[in-house]
Amino acid sequence: MITIASTSNTTVKMLLLPLNYTQLYNKLKLILNSREILFFTKPEGSSSELYWTYDVSSSSIVKTFSQLNSDDKENYINELELLKSDVLFKLNKSQDKDLKQIADKLFIIPNNDSLKALVIDNQWRFIITEWGCLNLVADKGTDVISNLFAIPRSNSDIVILNFFEKQSKTSLCNYPFILEYQGIALEYSTDQSGNFNRGRCIIGSKFSIKANSNHKLRDVETFEVRKDDLYNVYISEFQNISINIINQNKEPITGEGFSLSNGDKSFLLKSNENGEIFFDDIEIGTEFTITDIQSNRNVNLMVEKEKFTYECVFERNESVQVSIQVVNTDNIPISMYEISIEKNKNRSMILSDSNGMIFLENCYCDEEIFLLNPKNPNNTLVCTVQKKDNQFVFTVTENIIPEITFTFIDYKKRPIKNRKVILKVGNKKIKLKTDNNGVCLIKATELEKNQSVKVSVSSLFNII
């Protein structure tokens, strides 16, 4: 018996646990380094007939278990059961054979007088000592703690967790996870059946299941403790995958757009120079559709466990070149005119060349190309690509007259730089200034068809 003395009348609860060997005691103290447990060693020179006293703080009082009221008894048993569960888990997890051997006897108490409780600063404290009850005596006595655990309790319930893989619904055996309860997070693992017995938890309290930091399963789930409830944890697994996009000749389709959709979610991707598309952290069992934007063909895929590379084959015709000539309403080519072109759901702005031409490479039969005049949204054209003769004309419906360029040189044919020039267009005078190359321009918006232009300057020069 170990006696704990008290200096005041405040509540103190103490538990006496059996552990007789100094070496094992020191090992145990190292493994069970926890704020819920107080460790004490036998004083020098003391024998089993002597009492060992320990002075607690003035805010503590010692009571035997029988002196507690019914609510305190139930709370005490709940806390003790949680402690036993945590201690046995750590002992069985350790590689020390001696500690594993004492795990069963560590929580054996021979009689009610040896069962005490201690609260310090409103915190439960359980005491483990290398003196305490002798194992021989404990073996002969009744296991008081086990009897207490069998008492029906109204404010708590035993929590048993069942772990399943989400997709296959198979049990997850020896699955590592972290359980957080009442602010304390500890690492555990399921048994061979995929189950874990947490022991008793307070009705209405909550606990969270998190993945082990070294494991790729990353679901986090929170449960509320209810009477006679079932706690099934469904775990999703994620992995990285790559998709090879190829044609019917096993050649990679590079640099083109593809749509990935899953239910209501979809987004656009582009294959790289090797025809590959990469996805990170895709849930195993996910079904999605890859759509080739150019051909509008679909391929359905499902992510399989430990399968990291997939292949999508899209039939492709031989690519052709498409030429588009940009002209005005008089069928005159317009150079350097910007057209909006949408191809494979990718939109870009392209300028016509000096001959009013735009050339598009890597076009395929039956592909549709959308042309839009950004200066007139109603001015559009849809080009459907054929196997041959893919020459199209885009007529700009606004009155477009090319800009007029004036170059001013002297009699030695040298540019006349930074010279003021007055251009008379109809009844309007336009003041300009030559640049460093002797050039000035009239904007197309300031001219009309068949309109003459008169030039007035302050000195003689030739006009080209």
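None of the values given here were measured: they were computed from a predicted structure. Worth knowing before you read on, the calculation uses all heavy atoms, side chains too, and leaves out hydrogens, waters and symmetry mates. The chain is numbered in sequence order, starting from 1.
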>> Donor-acceptor pair, distance only, cut-off 3.5 Å: does the side chain of Asp191 make one with the backbone of Ser193?
In response: yes
>> On a heavy-atom basis, which atom in Arg226 and which in Tyr231 lie closest, and how many Å separate them?
In response: N-OH, 3.0 Å
> Taking side chain as C-beta onward, heavy atoms only, is Ile202 less than 4.5 Å from Val225?
Replying inline: no
>> To check you understand the geometry: which heavy-atom pair defines the closest contact between Cys363 and Glu367, and what is its length?
In response: CA-OE1, 3.5 Å
> CD1 of Ile416 to CG of Asp435: how many Å apart, nearest 0.5 Å?
Replying inline: 12.0 Å
>> On a heavy-atom basis, which atom in Thr384 and which in Gln386 lie closest, and how many Å separate them?
In response: O-NE2, 3.3 Å
>> I want to check something: taking the side chain as every heavy atom from C-beta on, are Gln182 and Phe207 in contact at a cut-off of under 4.5 Å?
In response: no
> How many angstroms lie between atom CD1 of Ile339 and atom CZ of Phe370, to the nearest 0.5 angstrom?
Replying inline: 15.5 Å
>> Applying the side chain to side chain donor-acceptor pair (under 3.5 Å) criterion to Thr289, which one of Asn300, Asn262, Asn298 satisfies it?
In response: Asn300
>> Quick one, Gln192 with Asn174, criterion side-chain contact (heavy atoms from CB on, under 4.5 Å). Give me CA distance, side-chain angles, the key distance, then yes/no.
In response: CA-CA 6 Å; Gln192 294 296 326; Asn174 302 315; 3.2 Å; yes
> Is there side-chain contact between Pro176 and Glu187, with heavy atoms separated by less than 4.5 Å?
Replying inline: no
>> Is there a side-chain contact (heavy atoms from CB on, under 4.5 Å) between Phe288 and Leu301? Walk through the geometry before answering.
In response: CA-CA 6 Å; Phe288 58 93; Leu301 294 177; 3.9 Å; yes
> Any side-chain heavy-atom pair from Asn240 and Phe278 closer than 4.5 angstrom?
Replying inline: no
>> Set out, in order, the CA-CA distance, both residues' side-chain angles and the distance that settles side-chain contact (heavy atoms from CB on, under 4.5 Å) for Val159 and Tyr181, then state yes or no.
In response: CA-CA 12 Å; Val159 172; Tyr181 180 65; over 6 Å; no
> Taking all atoms of both residues into account, what is the closest heavy-atom pair of Pro374 and Met349, and its distance?
Replying inline: CG-CE, 3.7 Å
> How about Thr222 and Ser208: does a side-chain donor come under 3.5 Å of a side-chain acceptor?
Replying inline: yes
>> As a test of understanding, state which of Asn379, Thr380, Thr397 forms a side chain to side chain donor-acceptor pair (under 3.5 Å) with Asn373.
In response: Asn379
> Taking the inter-plane angle between the rings of Phe163 and Tyr175 on a 0 to 90° scale, is it parallel (under 30°), tilted (30 to 60°) or perpendicular (over 60°)?
Replying inline: tilted
> At their closest point, which heavy atom of Arg198 faces which heavy atom of Cys201, and how far apart are they?
Replying inline: CG-SG, 3.9 Å
>> Could you tell me if the side chain of Phe258 sits less than 4.5 Å from the side chain of Ile253, heavy atoms only?
In response: yes
> Would you call the rings of Tyr188 and Phe177 parallel, tilted or perpendicular if under 30° counts as parallel and over 60° as perpendicular?
Replying inline: tilted
> Is a donor on one side and an acceptor on the other found under 3.5 Å between the side chain of Thr254 and the backbone of Asn274?
Replying inline: no
> Hey, mind stepping through Asn437 and Thr407 against side-chain contact (heavy atoms from CB on, under 4.5 Å) and telling me if it holds?
Replying inline: CA-CA 8 Å; Asn437 297 315; Thr407 303; over 6 Å; no
>> Using 0.5 Å steps for rounding, measure from the CD atom of Glu256 to the CG atom of Asp292.
In response: 6.5 Å
>> Please find the pair of heavy atoms, one from Ser352 and one from Val326, that lie closest to each other, and give the distance.
In response: CB-CG2, 4.1 Å
> Hey, is NZ on Lys431 packed in by over 12 heavy atoms from elsewhere, all under 6.0 Å?
Replying inline: no
>> If we ignore hydrogens and angles and just use 3.5 Å, is the side chain of Gln325 paired with the main-chain N or O of Ser323 as donor and acceptor?
In response: no
> Would you call Arg200 and Glu74 a salt bridge, taking side-chain N to carboxylate O under 4.0 Å as the test?
Replying inline: no
> How long is the span from the OG atom in Ser271 to the CD1 atom in Ile243, to the nearest 0.5 Å?
Replying inline: 11.0 Å
> Considering only heavy atoms from C-beta outward, does the side chain of Gln239 approach that of Ile284 to under 4.5 Å?
Replying inline: yes
>> Determine whether a donor-acceptor pair (N or O, by modelled atom type, separation under 3.5 Å) exists between the side chain of Ser259 and the backbone of Leu268.
In response: no
>> I'd like to check Phe408 versus Val421 (side-chain heavy atoms, cut-off strictly below 4.5 Å). Are they in contact?
In response: yes
>> So does Leu372 get a backbone contact from the side chain of Ser340, meaning a donor-acceptor N/O pair under 3.5 Å?
In response: no
>> Looking at Lys417 and Val439, would you say the former's side chain and the latter's main chain have a donor-acceptor pair under 3.5 Å?
In response: no
>> As an exercise, state the distance from CG of Asn195 to OG1 of Thr190, rounded to the nearest 0.5 Å.
In response: 8.0 Å
> Knowing that exactly one of Ile350, Val322, Leu351, Leu371 qualifies, which makes a side-chain contact (heavy atoms from CB on, under 4.5 Å) with Ile358?
Replying inline: Ile350
>> Test your reading of the model: is there a side-chain donor-acceptor pair from Asp157 to the backbone of Asp228, 3.5 Å cut-off?
In response: yes
>> Is it the case that the side chain of Thr170 and the backbone of Glu165 share a donor-acceptor pair, with hydrogens and angles ignored and the cut-off at 3.5 Å?
In response: no
>> Within the structure provided, determine whether Glu304 and Tyr310 are in side-chain contact (heavy-atom separation under 4.5 Å).
In response: yes
> Would you say Ser242's side chain and Ile277's backbone share a donor-acceptor pair under 3.5 angstrom?
Replying inline: no
>> So, taking the atom named CZ in Arg153 and the one named NZ in Lys227, what distance separates them when rounded to the nearest 0.5 Å?
In response: 9.0 Å
> Any sub-3.5 Å donor-acceptor pair from Lys169's side-chain atoms to Lys166's backbone N or O?
Replying inline: yes
> Just wondering, are more than 12 heavy atoms of other shown residues or ligands nearer than 6.0 Å to CE in Met357?
Replying inline: yes
